[in-house]
Amino acid sequence: MTPATQSEPVATATGQVSEAVLSVRGLQAHVAGQQVVEHVDLDVAATGVTALLGRNGVGKTSTIKAVMGLIGRSGQITLEGRDIADLPTHKVAQLGVGYVPEDREVFSALTVTENLRIAERKGHDHQYDLVYDLFPELKERGSQAAGTLSGGQQQMVSLARALLNTNRVLLIDEPTKGLAPRLVQEVGQVLARAAEVVPVLLVEQNLQVVRDLANHAVVLTGGRSVHAGPAAEFLNDPDLTQRLLGVSTGAEGAV
């Protein structure tokens, strides 16, 4: 195991080194007085996808929420070298941290277009051309109430809201959760294109999606980071994935 404890450049799966755009050291977080993150260290490379992995209930979603300031936290969080650990959520977002929550959280009574407009940040370019290129269906359904969309379409709205603004990093939580296989593939393709223009920290249980997208992987166990390294190297180690994730992968194994 390689603890993610040192503040240094992140090695990508290609062997190149990319400086971290987002760094977390000694992160602790709590909800209603209960500690949900014990000690997390991680770096998000300035390019590509960094996957945040672990079994259910180990603190992956709580880690992302803590970075966004949505739950109580302590520790060091830096965005391109700037300390953001004490900033409220709206300030973190204004600095260019996009967030796609686990359960989509669209405004169901608002139309698709209204959901996008409400996500516009002042002082940012609004990338409607990119959004409608990635999600042409959203343009066609602009006047439809978001609450009447399918789960996959609502996920598109949630991703589109984050991609609408220029970001320094995207935090995306379980984007394929509950989706049919065809939609999982579509969402994966969108994430791949998004990662070409903005680095992504991705929480994802579908390891095939992780295998397809991620350069780097950080693994949590019991609210602590216990491994960091190239994603392909981790997924191709069946003993390590069995021990940390409870599944056996590997080059020949099922994901």
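Just so it is clear, the model here is predicted, and its values are computed rather than measured.
- Under the 4.5 Å side-chain criterion, counting only non-hydrogen atoms from C-beta, Leu220 is not in contact with Leu53.
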Practice problem: For side-chain hydrogen bond (donor to acceptor under 3.5 Å, both in side chains), just list the numbers for Asp125 and Thr166, CA-CA rounded to whole Å, side-chain angles, deciding distance to a tenth of an Å, and then say yes or no. | Solution: CA-CA 6 Å; Asp125 295 329; Thr166 53; 5.6 Å; no

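- Closest of all the heavy-atom pairs between Ala160 and Leu116 is CB-CD2, 3.7 Å.
- Under a hydrophobic-cluster definition in which Ile, Leu, Val, Met, Phe, Trp and Tyr are linked whenever side-chain heavy atoms come within less than 4.5 Å, directly or via other members, Leu110 and Val131 are assigned to different clusters.
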Exercise. Please report the C-alpha distance between Leu201 and Leu52 in whole Å, then the side-chain angles of each, then the deciding distance to 0.1 Å, and finally whether the side chain to side chain contact (heavy atoms under 4.5 Å, CB included) criterion is met.
Key: CA-CA 7 Å; Leu201 177 62; Leu52 185 60; 4.1 Å; yes

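- Under the 4.5 Å side-chain criterion, counting only non-hydrogen atoms from C-beta, Leu42 is not in contact with Leu27.
- Of all non-hydrogen atoms in Val100 and Ala162, the two that sit nearest each other are CG2-CB, 3.5 Å.
- A salt bridge does not link Lys139 to Asp129: none of the charged side-chain nitrogens sits closer than 4.0 Å to a carboxylate oxygen.
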Exercise. Given side-chain hydrogen bond (donor to acceptor under 3.5 Å, both in side chains), test Thr176 with Asn206 step by step and report yes or no.
Key: CA-CA 8 Å; Thr176 70; Asn206 187 319; 4.7 Å; no

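- Residue Phe234 is tested with Val218, Val210, Leu245 for a side chain to side chain contact (heavy atoms under 4.5 Å, CB included); the sole match is Leu245.
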Practice problem: Show the numbers, then the answer: is there a side chain to side chain contact (heavy atoms under 4.5 Å, CB included) between Thr50 and Leu202? | Solution: CA-CA 6 Å; Thr50 299; Leu202 175 68; over 6 Å; no

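- Side-chain contact between Leu95 and Leu87: present, with at least one pair of heavy atoms (C-beta onward) separated by less than 4.5 Å.
- With 3.5 Å as the limit, one finds no donor-acceptor pair spanning the side chains of Gln28 and Glu38.
- A distance-only check finds a donor-acceptor pair linking the side chain of Arg121 to the backbone of Ala93 [under 3.5 Å].
- Interatomic distance, Gln127 CD to Asn167 CG, rounded to the nearest 0.5 Å: 8.0 Å.
- A donor-acceptor pair under 3.5 Å links the side-chain atoms of Asn215 to the main chain of Val49, judged by distance alone.
- Looking at every heavy atom in both residues, Phe107 comes nearest to Ala146 through O-CB, 3.6 Å.
- Using a 4.5 Å heavy-atom cutoff, the side chains of Leu207 and Leu235 are in contact.
- Residues Val21 and Arg168 come closest through the heavy atom pair CG2-O, 3.7 Å.
- Between the side chain of Gln153 and the main chain of Ser150, a donor-acceptor pair closer than 3.5 Å is present.
- Put simply, the side chain of Val24 does not reach to within 4.5 Å of the side chain of Asp41, judged on heavy atoms.
- A donor-acceptor pair under 3.5 Å is absent between the side-chain atoms of Arg161 and the main chain of Asn115, judged by distance alone.
- Among Asp212, Leu170, Leu159, the one residue that satisfies the side chain to side chain contact (heavy atoms under 4.5 Å, CB included) test with Leu191 is Leu159.
- Remark: Gln144 CD to Thr111 OG1 distance equals 10.0 Å, nearest 0.5 Å.
- The shortest side-chain heavy-atom distance between Lys177 and Gln205 does not fall under the 4.5 Å cut-off.
- Residue Lys60 holds its NZ atom at 6.0 Å from CD of Glu174, rounded to the nearest 0.5 Å.
- Scanning all heavy atoms of the two residues, the minimum distance from Ala214 to Ala51 falls at CB-CB, 3.9 Å.
- Taking CG of Leu149 as the start and CZ of Arg141 as the end, the distance is 6.5 Å to the nearest 0.5 Å.
- Under the 3.5 Å distance criterion, the side-chain polar atoms of Asp43 are left unmatched by any main-chain donor or acceptor of Ala20.
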Practice problem: Begin from the C-alpha positions of Tyr99 and Val67 and carry the test side chain to side chain contact (heavy atoms under 4.5 Å, CB included) through to its verdict. | Solution: CA-CA 10 Å; Tyr99 173 54; Val67 171; over 6 Å; no

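- From His39, atom NE2 reaches atom OG of Ser74 across 10.0 Å, with rounding to the nearest 0.5 Å.
- Taking 4.5 Å as the limit, every side-chain heavy atom of Arg82 sits out of range of all side-chain heavy atoms of Thr78.
- Under a 3.5 Å cut-off, the side chain of Thr113 and the backbone N or O of Gly142 do form a donor-acceptor pair.
- Under a 3.5 Å cut-off, the side chain of His216 and the backbone N or O of Gly48 do not form any donor-acceptor pair.
- Here CD1 of Ile84 is found 10.0 Å from OG1 of Thr89. Values are rounded to the nearest 0.5 Å.
- The shortest side-chain heavy-atom distance between Met156 and Glu186 falls under the 4.5 Å cut-off.
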Exercise. Run the numbers on Glu120 and Tyr128 for side-chain hydrogen bond (donor to acceptor under 3.5 Å, both in side chains), then give the verdict.
Key: CA-CA 10 Å; Glu120 293 179 358; Tyr128 279 98; 2.6 Å; yes

Quiz item: Can Ile77 and Leu22 be said to form a side chain to side chain contact (heavy atoms under 4.5 Å, CB included), step by step?
Solution: CA-CA 7 Å; Ile77 307 170; Leu22 178 72; 4.1 Å; yes

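- Here the shortest heavy-atom pairing between Gly75 and Ala85 reads O-CB, 3.5 Å.
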